[in-house]
Structure formats: structure tokens, C-alpha cells
**Q** 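Encoded as C-alpha cells, here's the structure I'll be asking about.
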Amino acid sequence: MTNAEQIQWEEARSAVYGFFSQAFIRGPSRQFLGALISDEGTANLREIFPDAAYRQELAQVRLDAQEGRLTLEGAVLDFEALFRVPGPRYLSPYESVYRSQTASGWGCLCGPETAAVERLYLKEGLGPNAEFSELPDHVGVELEFMAFLCLKAVEAMHAGDAAAAQEYHHQQYCFFMEHVGPWVRLLAERLASQAQTSLYRFLGNFLNLFLEMEGNLHFRPGGEQPVGRATDASLQQGVGQ
Amino acid sequence: MDDSRRKFIQGALALGALAATAGCMGSSEKPARWISGGPDVDPVSGPKVKFVRTVCLGCHSACGLQCKVVDGVLAKIDGNPYHPNNMEPHLPFKTDPKEAEKVNGTVCAKGGATMQTLYDPFRLQHPLKRVGPRGSGQWKTITWDQAYEEIIKGGNLFGEGHVDGLAACRDLKTPIDPEAPELGPKANQVVFMPGRIEHGKKEFTDRFFRDAYGTINFRMDHTSICEVSHHVGLKLCTDGRSHIKPDIMSARYIIFFGTTPYEANFPMQALARKLNFFRERGGKMVIVDPRFSNSAAKASEWIPILPGTDAAFALGMMRWMMDHDRVDKRYLSFPNQKAAGADGHLTWSDASYLVRQDSRKLLRPADAKIPGDDKGLVVWKDGAPHDNRTVATADLEYAGTVAGIPVKTVYTMLKERVGGRTVKEYAAICGLDPQIIERTAADFTSFGRQAVADFYRGAVQHTNGTYNARTLATLNFLIGNVSWKGGCEAHGGSHWHEMGGKPGNPYNLAKLHPGKVKVTGVPVDRNKHNYEDSTEFKKKGYPAKRPWYPFGYDFVYQEVFPSIGAKYPYQTKILITYWNNVVYAAPAGTKLAAAVKDPKVLPLFIAIDAVMGETSSLADYILPTRHFLEDYATEHVAPTILTQTSGLRVPVVEPVHKDSKLLEEICIDLGVKMGLPGFGKDGFGPGDPLLSAWDWYKKLFANIAYGDKENDAVPGATEAEKLKYIMDRGGRFEDYGKAYKGDHTNHAYKKICLIYNEKLATTKHSMTGEYFDGLPYYEPIRDSLGRPLVRDENKYPFLLNTYKPSYHAQARTAASPWLMEITPEEWVQIYAGDAAKLGIKNGDLVVVFSQDNPEGVKAKALVTEGMRPGIVTIPHSLGRWEYGAKSFKLDGKDTPTRKWIGRGASANPVMTVDPHLKDVCMTDPIGGSASFYDSRVGVRKA
Ligand code: SF4
């Protein structure tokens, strides 16, 4: 890839991380839902992965919305049940719940992972915005941090600072391997299986596909895969079944 | 660039535009803190940390604590991972205590914050004596020697005339009233009234006040303002059990009446945790409560019932169950244990027993003129009466005569009772749609024996509390779920017997008491005594001057002060309280203060307390005592825990205030100075001293370490090693895997389930002279004379409700700055529709007032949809007026205050006063529960 292509690639990954971050932190709005199912929105989304099941689910979201099975109210209720209200379908969207496991299965809120990611954010000078009151290991925050690291790499590449870009790639690798990788795909699978609307089923599977691709392209155990050096074949593999 | 990559980029960038709003974090040189707050999860670790395992008393759940002490200072509290309240599953008992330090069990916010009440700067540090009139808030510091001297010897202590001390009042022979000798000797005029007192401690004070000092008023503790009719109702349904809980880990359906297991009840942590597993498995939880509680938020269904009508709801369910043949008649037809056992049951019921319709008694073989002794009861089978022990099944339904005596089976009587109203009529009483009752009954009977009806405080703190308890418990009997895995648990793991007397125990504490006194007489609250046995009854019949409580199996706490005020049934000369705050904690408690204010009525009042509470402030002396983190006890747990559990409370740190004393130390000092039997250098027997609290507790702990059965001791070559083994672990705990035996719980209840209670049915109400009802029964709310409560519903359109919030517990948490930060004040919670009618908006200051308290209490309104219309709720634990909320004079100087502790309101001061007695709240005449949920109030903007 050329430098320009690498920059674009990095920006695109950042955009996807950012999209999921906001989808899981804020919940659906009329604008979000409208844009997602608009002709243009669906056409763009369709192109992200050539995967047939992915495309079919996307089409289902649009169809449900058109035929009234997916309403804003229904999407909000689904979001609340999945991400906010500790009821039977609650996903507990926090890393330490998934990872500080006890013999009984689930870990606690505010476990060691919470403190660990918080330290990383603070090192980058990142604090919560004024109105934000979630824990630092919320899935949305971790994905936003990945988006941030991608953009920092873009900035470095624009400035021609290869060392800095390399440093941010390294940070992406570490953060993905130590935090995002070990749990977010599991959350994505639960999201897909516990959602009641086609919207969140789709988002769960979409996230899973995306993280699978990320893992295959850039974050393989045992060695860093420099961003942008991935072969197109490996991309195909990443977005395959 | 490859096409698929290009498409990915194109789509992804478009996606980015879609979500282009600000993120959740921003960068700056000084980034804001994240709410997890600190860089480390557990800042207290390392070689300087000493671990001490003890038992919490932040609420009554008795969770294990793993305390971390650094340089003698308690620095952090976690949960004890050995304790079944704190972990699922808890650590195997044999785990090395050092290894266990790496594991933290859970602890709730209240438990973690108890270290703040330990180090509360407002704790009392030295003995105090009043120097002004009683209750005037003027005190001086005195020495323990002076306090003991004056309390024992009496004299003109306050310049108000002579007062008898403990020595003069200990007259074990002279009757208080020669004309009413049943009241007992004058020693009964000394009353010990602890608020909360725990196992180990209560047995100790029984030893002092009952077995050594000799008063029948040896422990008038608090349970009647808590949930005593729940215990009494269950004791009247079983053979000796006072508590049921669902086996949550294996149940599939649980309906909770009047309780919110996600924020209150006990053991709160274990209930909430187990319910999470239950819901993860797809279990169905139903919450019956007029308020949309934390638990309702997690439930499959919330049923906002009208308070006090739980029995009507249960009878409606029974009606549907009987009409639709959804009763386990097979189980109910087993007339004895053997017959039920052949079908796999551990319990059986009285449903087939015959009841005499002429005398309300159960028919005995002699009545029926059939062979059998008086332990037998009579059932009907094959057209003839039989001794219940001689047949394998019996007819459930029969009405006729036996040997000329009109009889009916218990089940026939129940069916007639239940059939007296339609489901629609029951629903109308509950203020609900009949379909809700029908659907609930259908669900309840759709999970075999893995469905449970549980209840707690909300269902029983009514004047009809015991009837509600008996009726709700009967739901379980009708589906035969008792002692089954996933069913209704009436025993639980229970505990090892610290008082000894079992084959394995080295010390039988009841026997290790030379010179023990046997007490006689009637307690000042008339608990466990029948009015008809009194001289007063013989002289004047019904009604009694004040109610008697023949089924008050614990004590009628709220009745003690007014009885003292009324000198009924005799004068109290000395009142000793311990950690007691009845004035704050009882309904209409503020009215109780007047009863103890006059030294002519109550000559001497000694409070043993750690702080200046609303009740202690009325005393003559306050003796400063220790916090639970400096104290001992042997704690039990509720049947929620299916494995055997004995928690040990031990001092975690040195006493913060050296001049304070343990309750046991105070009793020992008094006992030794007075020469009471069972105290001193030969307290347990020649050469076996009782001179310190540890002398007592080491025997109790040893009994636990050796166990109830022979060869059941924990490892250790000597007694000291065995004690160390259990104290290192914070108690003795059976392993998690022992919870079940086959299809049943391992320590299951194996006795009868009583739908009909003969003793209850043949005992009379002391005020009305009418018989109590022996069957499941719905009774409307009544006053002490049995009259319906009448209040002007236009003026007082709301029913007042209270609850225990997650972050506070009764009177003990308001001094914690952490908890006050989470819940800084309590609000008057009101249904949005009601608020709109009154023009009340969220946050408005409002007054809640009643006929008995027109001035009312003031707090901010919380307008919510989560409330049944017509109900207002004020959670209970704040709204203090002592405890540092105001200053008092100590040695001539004003003490500092902390006004924040008085924030918010308490509902208690506006609750209904009994219209006949006029000095106490309304009370359940059977169980003795104080009525917390029957008060009508009005609400206005302040
Ligand atoms: S539930 Fe009660 S006993 Fe358990 S930790 Fe909390 S306050 Fe302490």
C-alpha cells in the first residue's frame, strides 16, 4: 500500500471502531437509525464485507424498519435491556466482568482490568468528558480508545513521523491483545444471540466479523503485523467466513 | 489497492460520518478522573497487612468479612471467601488461610463502610451521668467505678429523691403484687431491653439477667419492629421452624411477597447473588410490592398490591388452584411421616386431620372412641375414623360426625374458607385485576416442586401479619414443595451449637452455671402469657387493660416503653437498654419517649450504647460500649444458606476508645461486684473463671470447633489449635457441595406442615375475648380493640410505606460519610399521577402528616411512576435528630454537631397510634409485629 492508502486504511478502521463505540454507549437515535437504513447508508454498509450472511442481516434490518417491525422505541428498549438494565438479557458490557472470572463464571465490576485500561487512557491524557459517567472498561470506551490510537497513527503518518506511527501501531497491538481481543468478540456473540431486534443482532455479528478481520490482519498472537503491510489475501481471509 | 479493501474503506468512512458525534473521552493536560476512582483495585496489600476474618453487622445478614489491618488501623474491608454469604461457591474449608488471602469475597457498600462507624468521632468515650432533668441533654463524665457504685447501690443519685439500685431490686422472693402472684417476684421490675443483640451475646445476657440476676424481663429485644410475625406465623405452621426461604439455586419460580431481596432482607448479598444465577438460568421471579423496588426492576413481573392484603391474594390463588385441580392432593392426603416418606417426601401435612366443630380442637382417638393414645390424631378413610399413624392415606375431604361429634377435615375447612369469596372478590380486596391472581396461581403451579412462595417484612408488619404469614406459607404446602431441592426451605444449613449440650461439644454452658436462678412471672410486655391466666382477667374479664401476647414468641418491643409508662402489669424500676433506639425505630416511636421521661414512673434508666442515640439521650447513665469490629459473637445465617455455617465475630482492632467496654465486660463487672451466681473466679464452676469476655467465647468457639457430633472436630491436636483453625477462617463452614442430598436439601426440615393450628384456634384475643382463627385467613386492619381502623380518607388519602434502601440499614449507617455521599437524604416517593393532582413536582419540599402527627415530617418529593397510586414511601434510616444532629452539654461544654446526619425524613413519627391505647403504634395481636404499613397520611407542599 502507498502511504496515502495506509492513511486511508487507518482512518477507515478508526471510523469502524468509532461507530461501534458510539452505538454501544449512546444507544439508537432517530438520526442514527434513519441514516443506517437509508438507501445510501445501506449501500455503503453493504460494501464493507462481501460476506453473504452479513449482507442478508443488513437487508433484514432495512426490511424490518420498512415494515414496522423495527421501530426507534423497540431499538431503544433492546439497547436498554442489553447494555443498561441488569435484567435477563443484560450483557454486562465491562471487560473486568468478562475477564476477572471466578469459579462461578463472571467477574466483578471495577476489577484489575478497569484500573489497567484507565492507566493507559490517562497516559495518553484522556479523561472522561464532563457528562460521561461510565467505567473506563466499558466496551464503548475501549473501542473508542482503539479509534483514537488509529487516528494518532494517521496524524503521525501525515507528519511523516514513521517512528511515532510505529509507536501507535505498537500501542494498538498491545491494547488489542491485552484488552479488546480477549473479551469483545465474546460480548459480540452474546449481543447477536440475546438481541431481540434485527438491528442489534446485526451489530453483534458485524462487530464479530470486524474483530475477526482485525485479528487476522494485524493482531496475531506471537508477533506484530505492521499495519498496512497486510496482504490483500489476508484481508480476504479476514473478511471471509 | 485491492477492490475489497477499497470498498471497506469507502463503507467504513461513510459509517464514520454516520456516527460523527463527540466521543466519550477527551484529551487534556490534566484529564478528568474516571469514576473507578483509583489507580489500584486494592490499595491495601503487602507484607504489613494483617488479615482478620470476622462477621459483619452492617445489617443482619451476618456476612463474613476479611479485614485488612495496617499498623493496628483497619484500612479495608472485603468479604471472607470462606463464608457462604460472600462467594458462590465459597472456598473449601480446608483451604490454607494464607492462600485465602488472595481471594476476596464480596462485601456490600454498607459492610465496607462499617469501618467509618468504628472510627466515628462522635462515639461516646467515657461513662456519662445526666446532670439536668432526664432528656435535657446535660451530662457529665464519670468513672466506671462511680457508675457501678451508683447503679448497684442506688441512693439520691440526681437530687430527686431515693432511687433503688440493682442490689435492692434483686428480690427473688417477694411478689410484686401479692394479689397477683403470677406476675412474679420484685426482681422482675428490672428490665433488660437490647435493640439488636446477636448470638453468643444474647445467650450471655440471658445468663446474666435471667439465670443470675433473676428477672423474667431478661431480653426484650427488637424483632417485633422487624418481622416477628413472619417467625410467629411460621412457628404456627411448622414444628419449631421460624424461617423459610426459597432454595434459589435450584428453584424455577419464586414469588416474593413484601420483600425486596435485591436490596434488603437477609442475607442480602447471598440473596441477590443467587437470584442473579436463578435469572441467568431463566428462573421466573415475581415481586409483590406496592413500590417498584430494585427487585421489581429485575423481576419477570411486578404486582403492585394494596398493602396488608397479601392473605387475600394468597386465598385468591388457592381458590383458582382448587377450582382448577392444581393442588397436590396426593401429598396432602398423607397423614404421617412414614406414609409421605414412601412417596419421597420428608414432610407431611395436617390436611386430612379431623377438627371438632364444637370445640375447634383436633379430634383425638379417645374422642372418636378408637384405639390410640393422646399423641394420635384422627383421620377419615373408607368411611371410618382412624388414628393418623395407622393409615397410609386418608380422605382429604370429609364433613360429618364421629362418635356424635361434628367434624370436618382441615382441607374441607380450608376449601370452605377459600370458597367464601370469588377470585374477583379477592382481587378487589387487593386492588388488582382478577387476571393477575389467576395468572400467578397458574404460574405458581406450573413448575412442580420448584416453585416457592416467600415473604418477609412487608407482608407481616401489619395488624394482620401472622394471618398473612400463615396464609402465604400454606401456598407452599398446597404444592408439596417443602424440603425439596428447588422448593421451600424451612431449615437451611443451620449452625453448630455454640452453647453445647450435643454429643460432640466439650462445654454445656447451660449446666456450667452454679447457683442458677429459675425465673417466674409475667414479662412487662406480656409475651408468651395468656390473659385468661391472670388475676386481672379473673377480676374484670375482657378487655385487658393492655393487650397480652400469648404467641409473642420473641418479644413485643414497641410495647415495653408504653407498658413502663402505664406501670402495667407492674412498675418497672430499672430499665437497662443496649444498642437500643426504639424511639427512632418504632412506628410512632416519638410518642414512646414520654413513657420513660418521668423518674417517678421509671426511677432508673441506664443505656449501654456507643453513641448518643435518640433513645439513649433519655437515660440517666450512658455506659459506652464497643463497635462490632471490636467485639465477639457467634453468628448464624438464614435458610438461604443450605450448608452448615457458624460465623465467628472477633475483635479486628484494639478498642478505639480504651474507656469503653464490651457488654459482657459490663455484666461481668456488675456480676462480680454484686456476687451474682455464675460470674467471677468460679463462674463456670470451681476453678473455672468467668472474668472476661474471652472466658465465655472460648468455650462457645470450642463447641463449634469440636462440633455437635462426636468425631466431628476440625483439625488440631489441642483445643487451642482447633480454635485457631476456625478463627483463622472466620468461622466454621460446611463445604458447598454438601447443600443437597438426592432430590432434597441436605439439612432439610422433616416434620409436619400445619395448615390448621389448634392452639391458635383455641386461644382468645385478650381485648375482644374472641377466638383467633386457626386457618389461613384474611383479616382487615384492626386496632387493639379489634375495630376496623377509621381515618378520614379525604384528609389522609395515602397509605404510608417504608423500605430499607441498599445503602443504609436502620439506625446504624447515617454516620458513614461514604454512604451519605451515595444516599445523602431520603425522599418522599409519590406516584406521578398523585403528585400531579397535588401540584407537586420532583424536588419540591413536602410535608407528610397524619391524624396523630398533624405537623408531620418534611422532605423532598421524588415523583415516580414506580409506585402504586395512593401510596407514599419514605425509606427508613435517615432523618435523625440525635446522633450528632444536635449538640448536648458535656461537662459544661456544648459538643460539636454534624447537621448532615439529620437530613431527610423518617416515616415513623407520622405512623398511626393505636386509637384505643393512644401511646403506641398498632400491633398484630398474635405475633406482636408493629404495624408499619397501615398508616393513612396526607401530603402537602411545604
Ligand atoms: S449485606 Fe449486611 S452483613 Fe452483608 S456485608 Fe452488607 S451490611 Fe454487612
Side-chain angles (χ1 to χ4, degrees), chain A residues 1-2 5 8-9 11-16 18-19 21-23 25-26 32 35-36 40-41 44-50 85-88 102-104 108 110-112 114-115 118-119 121-122 124-130 132-137 140-141 144-145 147-148 232 235-236 239, chain B residues 1-42 81 87-91 103-106 262 273 276-285 294 297-300 736:
Chain A
M1 268 196 286
T2 64
E5 284 170 344
Q8 272 190 338
W9 177 245
E11 281 174 340
R13 291 174 56 236
S14 173
V16 180
F19 166 79
S21 162
Q22 296 202 17
I25 283 175
R26 283 178 215 284
F32 171 86
L36 197 71
E40 195 191 341
N44 282 325
L45 266 169
R46 255 188 117 257
E47 297 309 322
I48 290 184
F49 291 117
V85 183
T102 61
S104 58
C108 303
C110 282
T114 320
E118 178 179 350
R119 271 195 294 269
Y121 305 158
L122 290 174
E124 287 299 317
L126 292 170
N129 287 339
F132 186 71
S133 60
E134 270 296 354
L135 291 170
D137 64 336
V141 187
E144 183 169 327
F145 190 60
F148 167 85
D232 290 338
L235 176 66
Q236 284 297 347
V239 300
Chain B
M1 189 194 273
D2 172 88
D3 188 47
S4 61
R5 187 180 287 263
R6 200 166 290 118
K7 283 181 172 163
F8 177 89
I9 291 173
Q10 182 194 336
L13 292 176
L15 203 61
L18 191 70
T21 47
C24 59
M25 51 187 173
S27 76
S28 72
E29 274 184 18
K30 273 200 177 162
R33 304 293 301 178
W34 291 84
I35 66 163
S36 67
D40 270 309
V41 177
D42 187 350
M87 289 253 290
E88 199 84 32
H90 51 282
L91 288 187
V103 187
N104 285 331
T106 58
Y262 269 94
R273 181 184 65 240
N276 280 346
F277 286 110
F278 167 83
R279 291 187 306 119
E280 264 185 23
R281 275 190 291 113
K284 183 162 187 177
M285 176 171 85
N294 280 4
K298 294 171 176 55
S300 308
Y736 192 78

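What you see below is based on every heavy atom in this structure, not just the backbone, and it leaves out hydrogens, waters and symmetry mates.
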**Q** Search all heavy atoms of B:C24 against all heavy atoms of A:V141 and return the closest pair with its distance.
**A**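 In this case the closest contact between B:C24 and A:V141 is SG-CG2, 3.9 Å.
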
**Q** Could you tell me the separation between the CG atom of B:L15 and the CD atom of A:Q22, rounded to the nearest 0.5 Å?
**A**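 It comes to 10.5 Å.
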
**Q** Give the member of B:A299, B:A297, B:S27 that has the highest number of heavy-atom pairs under 4.5 Å with chain A.
**A**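 Most pairs with chain A among the choices: B:S27.
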
**Q** Provide the closest heavy-atom pair for B:A32 versus A:P128 in the form atom of the first, atom of the second, distance.
**A**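 Closest pair (atom of B:A32, atom of A:P128, distance): O-CD, 3.2 Å.
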
**Q** To check you understand the geometry: which heavy-atom pair defines the closest contact between B:P31 and A:G127, and what is its length?
**A**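 The answer is CB-N, 3.4 Å.
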
**Q** Look up atom CZ in A:R13 and atom CD1 in B:I9, then write down how far apart they are to the nearest 0.5 Å.
**A**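 Taking CZ in A:R13 and CD1 in B:I9, the distance rounds to 11.0 Å.
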
**Q** Identify which part of A:Y121 has an atom lying under 4.5 Å from any heavy atom of chain B, answering side chain, backbone, both or neither.
**A**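 Side chain only.
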
**Q** Which heavy atom of A:V16 sits nearest to which heavy atom of B:A12, and what is that distance?
**A**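 The answer is CG2-CB, 3.4 Å.
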
**Q** Report the residues that fulfil side chain to side chain contact (heavy atoms under 4.5 Å, CB included) with A:E40, sequence neighbours left out, ordered by chain and then residue number.
**A**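 Residues passing side chain to side chain contact (heavy atoms under 4.5 Å, CB included) with A:E40: A:S38, A:N44.
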
**Q** How long is the span from the CH2 atom in A:W9 to the CZ atom in B:R5, to the nearest 0.5 Å?
**A**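 Going from CH2 on A:W9 over to CZ on B:R5, the span is 4.5 Å.
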
**Q** Just to verify, what does B:F278 make a ring-ring contact (aromatic ring centres under 6.0 Å, His included) with, not counting sequence neighbours?
**A**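 For B:F278 there are no ring-ring contact (aromatic ring centres under 6.0 Å, His included) partners, ignoring immediate neighbours.
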
**Q** By a 4.5 Å heavy-atom criterion (distance strictly below it), what part of B:E280 contacts chain A: side chain, backbone, both, or neither?
**A**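 Only the side chain of B:E280 comes within 4.5 Å of chain A.
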
**Q** Nearest 0.5 Å, please: how far is CD in A:E134 from CE in B:M25?
**A**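 Between atom CE of B:M25 and atom CD of A:E134 there are 13.0 Å.
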
**Q** What's the spacing between A:R46 CZ and B:K7 NZ if we round to 0.5 Å?
**A**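 It is 9.0 Å, given to the nearest 0.5 Å.
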
